[in-house]
Amino acid sequence: MAKIIAIANQKGGVGKTTTAVNLSSCLAYKGKKVLVIDIDPQGNTTSGLGVDKKNITHSVYDVIINDEPIENTLLKTCIDNLMICPSNIQLAGAEVELVSMISRENRLKSALYYIRKEFDFIIIDCPPSLGLLTLNSLTASDTILVPIQCEYYALEGLSQLMNTVKLVQRHLNPQLDVEGVVLTMFDARTNLSIQVVEEVKKYFSNKVYRTIIPRNVRLSEAPSFGLPIILYDAKSKGAECYIDLAEEVIEYAEEVV
Ligand code: ADP
Ligand code: MG
């Protein structure tokens with residue numbers, strides 16, 4: 001039975017998609033069967049894993065809005081063991097279309113019911129908002145993984161995010177747990193990065209991953225080649241760290257079972 005992890009933070013540019021692409025490909029590289037669901041209309045996880053958005057016939061939009069069985073949307077990626085439910089710009093309309101739909105926060109959860117047993121991990125890349133697509137993701141998930149960028153205002157918006165988690169726990173998904181916080185774009189040369197790490201550790205105490213993702217130019221180049229970091233530059237610091245993160249995620253999943 002897959003563990004379902006939503007990668008969420010309503011701030012844009014904090015490393016959600018980079019983490020979705022590279023955590024899911026590193027989990028697959030470690031031999032796990034993985035499905036990544038791109039639920040951001042920008043579709044950057046889709047293209048980041050080498051899927052051409054022009055060739056998508058069915059996407060996560062059809063799953064959520066048209067009740068298309070999710071297995072009909074799944075595509076292979078450039079990594080063995082890693083499938084994707086892709087997204088494209090059509091999904092931008094879903095936030096509005098969902099408003100009047102029955103069971104509007106539960107649609108992704110229902111869609112995953114039958115395929116959950118086929119995978120070890122399902123990773124969901126959320127859009128940068130706390131709208132209905134993110135609520136669908138949190139309702140469908142066992143845990144939320146929050147990337148935090150080591151930058152000014154890193155903690156801004158986190159109380160709103162944690163409040164949303166509480167509301168989801170109360171009304172939609174009592175089982176939802178915080179998987180952990182991953183610090184991204186860390187620059188060891190700046191005091192600021194070091195301060196952010198300290199503050200985040202104070203705020204989240206034992207929920208912060210030991211692995212900290214450094215700012216690494218290879219990580220930012222890889223998406224333009226449609227490759228995850230382990231295929232683009234397996235020897236880079238970025239690849240090393242995302243493998244370490246995958247190991248922590250596996251360790252935690254096995255501990256909890
Ligand atoms: P989000 O999905 O939260 O909006 P992204 O993962 O798309 O964030 O990252 C925003 C930008 O920062 C992208 O251009 C991405 O390539 C770059 N980026 C993300 N993580 C790193 C990193 N560790 N080092 C360097 N660049 C990064
Ligand atoms: Mg993104």
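Whatever order the structure lists ligands and atoms in, that order sets their numbers, starting from 1.
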Minimum side-chain heavy-atom gap Leu35-Ile115 below 4.5 Å: yes
Thr18 near the Mg ion (ligand 2) via N/O/S, less than 2.8 Å: no
Among Leu49, Thr18, Leu23, Leu82, the one residue meeting side chain to side chain contact (heavy atoms under 4.5 Å, CB included) with Pro228: Leu49
Sole candidate of Glu97, Glu68, Gln90 that passes side chain to side chain donor-acceptor pair (under 3.5 Å) when paired with Tyr61: Glu97
Nearest-0.5 Å distance, CD1 of residue Ile124 to CD1 of residue Ile144: 10.5 Å
Asn72, CG: over 12 other non-hydrogen atoms inside 6.0 angstrom: yes
Sorted by chain and number, the residues that approach ligand 1 to under 4.0 Å with a heavy atom: Gly12, Gly13, Val14, Gly15, Lys16, Thr17, Thr18, Met185, Ile213, Pro214, Arg215, Asn216, Leu219, Ser220
Donor on one side chain, acceptor on other, Thr211 and Glu248, under 3.5 Å: yes
